[in-house]
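Each chain gets a letter, A, B and so on, in the order its sequence line appears, and its residues count up from 1. Since this is a predicted model, take the numbers as computed values, not measurements.
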Protein chains: 2
Amino acid sequence: MQYSKSTDYALHALLHLARPELRNNVGIKELSGMLEVSESYLSKIMSKLRQDGLVRAVPGANGGYELARPAEDISFLDVVQVIEGRQQMFECSNSRSRQHRLLAEEEDGREPAPSRGSECLVEKVMNGAEQQLHQYLREHTIQSVLDEALQRGGFQAAKKR
Amino acid sequence: MQYSKSTDYALHALLHLARPELRNNVGIKELSGMLEVSESYLSKIMSKLRQDGLVRAVPGANGGYELARPAEDISFLDVVQVIEGRQQMFECSNSRSRQHRLLAEEEDGREPAPSRGSECLVEKVMNGAEQQLHQYLREHTIQSVLDEALQRGGFQAAKKR
DNA sequence: CCTATTATGGACCTGTGATGTCCATAATAT
DNA sequence: ATATTATGGACATCACAGGTCCATAATAGG
Ligand code: SF4
Ligand code: SF4
């Protein structure tokens, strides 16, 4: 149960792209140098970020990447979901077991919302917990972290140049 | 980023052990039959639960498992941590990169708490999110789910026998 | 004491996915 | 035309989830 390294890389790449001193189109070489990750691997990740609309990419000389939307509109949740996927963390395996029949038995008779996903009690807890996680990640954006970094005096070395 | 099936199995096994009609020592055969999981595999999971003090086990004829503490003292978080481990979901890989130096740069001078884990801004967000998840899981116990099931009329088939 | 029962732990197998490299191709600026 | 840069497919490798099998130990009941 760990986030993949790709998530780590993606977050840091986006944080770099969001740097204030933006002269458009940051190349893979620069990113790779910053994060100290191989160009080949990082480019795969950037490609995924592009496919999901988080960054734009332009090939050719002077090409590179830039954010596709303002940094305050890119939440940590966005990034995590692009890399880790959107399936839920808990997925029941044996919903046909005898155990299930006892736990998910509906009260006899009317089933109020047949269209609803009919979440069982275990899933209710696990999915509820995941929603808490998502809510928190949704509230923190690339921009908010960047702001905090500037406030704390980070990025000074770069700004002084 | 998914919980393993073992977590699923462990939760359901504990929910079975917490059933009201407890005559001590539920054998692996009964559990295996309930969850429809092989005895060999499930016994590995039960063994882990025992090592971490969630259940007690006694071998020999008429042996089996029972909860080591009241069901209201076994939270979902306990179970998840036994199976998935206690490492954090986000673990930074390259804290020596140039990127890091810019993001985690301390404000020049005094570093107020050298003993503190000196959490960087990215980790602060990711760990914060995980804490939300943990808090929710901590508030839900085997007993609380069982109560809700009984209230909803589940377990009736078993109770009528 | 003997035997059947039951949990334990080690060895082993297998498939899948994370991590990563390499290369051929396409698109773009100069 | 050429150099530059992103893209995508094909592989390679490795760790781990998921699972089986078996030898051993402990226990209850006769
Ligand atoms: S009760 Fe929920 S988690 Fe358990 S088997 Fe049924 S669907 Fe799956
Ligand atoms: S800023 Fe935090 S997450 Fe990023 S490299 Fe440094 S320690 Fe790791």
Side-chain angles (χ1 to χ4, degrees), chain A residues 1-10 12-13 17 23-33 35-68 80 82-85 87 89-94, chain B residues 1-10 12-13 17 23-33 35-68 80 82-85 87 89-94:
Chain A
M1 246 298 286
Q2 276 210 182
Y3 284 121
S4 65
K5 293 195 176 189
S6 296
T7 297
D8 183 327
Y9 299 155
H12 284 82
L17 291 187
R23 36 152 195 56
N24 271 355
N25 292 352
V26 177
I28 193 71
K29 274 197 198 334
E30 180 175 337
L31 278 177
S32 160
L35 310 195
E36 287 171 17
V37 181
S38 84
E39 299 180 20
S40 354
Y41 193 40
L42 189 55
S43 69
K44 288 286 163 63
I45 296 169
M46 296 310 295
S47 206
K48 206 177 244 179
L49 291 179
R50 186 191 58 98
Q51 286 167 8
D52 277 63
L54 294 198
V55 305
R56 266 187 297 269
V58 33
N62 269 356
Y65 301 94
E66 63 179 343
L67 295 187
V80 165
V82 165
I83 304 296
E84 307 283 339
Q87 53 192 334
M89 293 196 322
F90 181 83
E91 193 173 348
C92 170
S93 24
N94 50 349
Chain B
M1 247 299 284
Q2 275 211 182
Y3 283 120
S4 65
K5 292 195 176 189
S6 297
T7 296
D8 183 327
Y9 300 153
H12 284 82
L17 291 186
R23 35 150 195 57
N24 272 355
N25 291 353
V26 178
I28 192 72
K29 276 198 198 330
E30 180 175 336
L31 278 177
S32 161
L35 309 194
E36 289 170 16
V37 182
S38 84
E39 299 179 22
S40 357
Y41 193 39
L42 189 55
S43 69
K44 287 287 163 60
I45 297 169
M46 296 310 295
S47 206
K48 207 177 244 180
L49 291 178
R50 185 192 59 98
Q51 287 167 7
D52 276 65
L54 294 198
V55 304
R56 267 187 297 270
V58 34
N62 269 354
Y65 301 94
E66 63 180 343
L67 296 187
V80 165
V82 165
I83 304 297
E84 307 283 339
Q87 52 190 336
M89 293 195 338
F90 182 83
E91 193 174 350
C92 171
S93 23
N94 50 349

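- A:E91 pairs by the salt bridge (Lys or Arg N to Asp or Glu O under 4.0 Å) definition with nothing, not counting sequence neighbours.
- In this structure, the side chain of A:D8 engages the main chain of B:S93 through a donor-acceptor pair within 3.5 Å.
- Looking only at side-chain heavy atoms (C-beta outward), A:M1 and B:M1 come within less than 4.5 Å of each other.
- Of the two residues near DNA chain C, A:S38 and B:A61, the one whose nearest nucleotide lies more 5' is B:A61.
- In this structure, B:S32 and B:Y41 have side chains that are not in contact, with every pair of non-hydrogen atoms separated by 4.5 Å or more.
- Nucleotides of DNA chain D lying under 4.0 Å from heavy atoms of chain B occupy a range whose first and last members, 5' to 3', are D:dG18 to D:dG29.
- What you find for A:Y9 and A:I45 is that their closest heavy atoms are CD1-CD1, 3.7 Å.
- Evaluation of the salt bridge (Lys or Arg N to Asp or Glu O under 4.0 Å) rule for B:E84 yields no partner, not counting sequence neighbours.
- Listed by chain and number, the residues in a salt bridge (Lys or Arg N to Asp or Glu O under 4.0 Å) with B:K29 are B:E39 (sequence neighbours excluded).
- For DNA chain D, the residues of residues 44-59 of chain B within the heavy-atom distance limit of 4.0 Å (strictly under) are B:K44, B:P59, sorted by number.
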Readout for nucleotides 12-19 of chain C: B = base within 4.0 Å of protein heavy atom, S = sugar-phosphate only, - = neither; 5' to 3' it is -------B
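- Here the CD atom belonging to A:E30 is positioned 10.0 Å from the CG atom belonging to A:L35, to the nearest 0.5 angstrom.
- Taking the side chain as every heavy atom from C-beta outward, B:M89 and A:V80 never approach each other to under 4.5 Å.
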